[in-house]
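Here is the structure we will look at, set down as structure tokens.
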Amino acid sequence: MKAVCPGSFDPITLGHLDIITRAAAQFEEVTVLVTANPNKNTGLFTVDERMELIRQSTAHLSNVKVDTWATLLVDYTTAHGIGALVKGLRSSLDYEYELPMAQMNRRLSGVDTFFLLTNEKYGYVSSTLCKEVARYGGDVSGLLPEVVVDAVTQKYAQQ
């Protein structure tokens, strides 16, 4: 079965990478799908930059590919013959946010959502928090893949 791990990934974190790696061990093909979240402001990285950082961060996973989509997620899964969504859950707050979307996606297309519990060492890690720490000169190594640490550092040095 094919699966999609959707998200804005601005930027990809080690928590994201852990979920993607675990999904890749369970599904024959996993697409990391960079989506636009209308509730979030313009990102630090462009969609193309995010996709490239994800490609570099997942290069060791032969059954992972990267794509982007800007409309309904279920339209992507239907168009590409994908039967599963994979989402990571850090806490009950994530579950409360994700549950209605999973139910709506199932209603619209029949696609199932698989929730993976985040490794406890990444339970507090979010792209937003990492960007805030990096913006003020804090160390985000150990929270982001090294290629992403470098990219984030360069972005903030340019501002």
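Since the model is a prediction, treat every value here as computed from it, not as a measurement.
Nearest heavy-atom pair across Ser109 and Thr78 is CB-OG1, 4.0 Å. Annotation for Thr113 and Ala102: closest pair OG1-CB, 3.5 Å, computed over non-hydrogen atoms. Between Ala84 and Met1 the shortest heavy-atom distance is CB-SD, 3.7 Å.
Take Glu146 and apply the salt bridge (charged side-chain N to carboxylate O under 4.0 Å, His left out) test, not counting sequence neighbours, and it matches no residue. Partners of Lys2 by side chain to side chain donor-acceptor pair (under 3.5 Å), not counting sequence neighbours: none found. For Tyr124, the ring pair (Phe, Tyr, Trp, His ring centres under 6.0 Å) test picks out no residue, with sequence neighbours left out. Among residues two or more places apart in sequence or in another chain, the side chain to side chain contact (heavy atoms under 4.5 Å, CB included) test is passed with Asn105 by Leu73, Val74, Leu85, Val111. Looking at residues two or more places apart in sequence or on another chain, you find no side chain to side chain donor-acceptor pair (under 3.5 Å) involving Gln103. Contacts of Asn63 classified as side chain to side chain donor-acceptor pair (under 3.5 Å), with partners at least two apart in sequence or in another chain: none.
The structure places OG1 of Thr71 at 5.0 Å from CG of Asp75, a figure rounded to the nearest 0.5 Å. Note: Cys5 SG to Phe27 CZ = 8.5 Å, rounded to the nearest 0.5 Å. How far CG of Leu33 is from CD1 of Ile82: 7.5 Å, rounded to the nearest 0.5 Å. With rounding to the nearest 0.5 angstrom, the CD atom of Gln56 is 10.0 Å from the CG atom of Asp150. Expressed to the nearest 0.5 Å, how far CG of Leu144 lies from OG of Ser57 amounts to 9.0 Å. We find the CD-CD1 distance between Glu52 and Ile12 to be 12.0 Å, quoted to the nearest 0.5 Å.
Contacts classified as ring-ring contact (aromatic ring centres under 6.0 Å, His included) and involving residues 1-22 (residues at least two apart or in different chains) are given here: Phe9-His16. Annotation: ring-ring contact (aromatic ring centres under 6.0 Å, His included) contacts involving residues 44-73, sequence neighbours excluded, comprise Trp69-Tyr76. Residue pairs meeting the side chain to side chain donor-acceptor pair (under 3.5 Å) criterion with at least one partner in residues 20-29, sequence neighbours excluded, are Asp18-Arg22. Among residues at least two apart or in separate chains, there is no ring-ring contact (aromatic ring centres under 6.0 Å, His included) pair with a member in residues 138-159.
Considering only heavy atoms from C-beta on, Thr68 stays 4.5 Å or farther from Thr35 through its side chain. The shortest distance between side-chain heavy atoms of Leu143 and Thr13 does not fall below 4.5 Å. Side-chain contact between Asp67 and Val34 is absent, with no heavy-atom pair separated by less than 4.5 Å. Residues Val30 and Val86 form no side-chain contact, since every pair of their non-hydrogen atoms from C-beta on lies 4.5 Å or further apart. A heavy-atom distance below 4.5 Å is found between the side chains of Asp112 and Arg106.
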What pairs of donor and acceptor atoms, side-chain ones from residues 130-141 against any protein atom, are under 3.5 angstrom apart with sequence neighbours left out?
from	atom 1	to	atom 2	distance (Å)
Lys131	NZ	Asp10	O	3.0
Lys131	NZ	Asp10	OD2	3.1
Asp139	OD1	Ser141	N	2.9
Asp139	OD1	Ser141	OG	2.6
Asp139	OD2	Ser141	OG	3.1

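Side-chain atoms of Thr31 do not come within 3.5 Å of backbone N or O of Val66 as any donor-acceptor pair. Thr46 contributes a side-chain N or O that, together with a main-chain N or O of Glu49, makes up a donor-acceptor pair within less than 3.5 Å. The backbone N or O of Thr118 sits nowhere less than 3.5 Å from a side-chain atom of Arg90 that would complete a donor-acceptor pair.
Atom CE of Met101 has more than 12 neighbouring heavy atoms from other residues, nucleotides or ligands inside a 6.0 Å radius.
The hydrophobic cluster containing Val4 does not contain Ile54, counting ILVMFWY residues as joined when their side-chain heavy atoms lie under 4.5 angstrom apart, directly or transitively. Hydrophobic clustering (ILVMFWY, side-chain heavy atoms < 4.5 Å, transitive): Val32 and Leu116 are in one cluster.
Other cluster members for Phe115: Leu89, Tyr95, Leu99, Leu117, joined by side-chain heavy-atom distances under 4.5 Å among Ile, Leu, Val, Met, Phe, Trp and Tyr.
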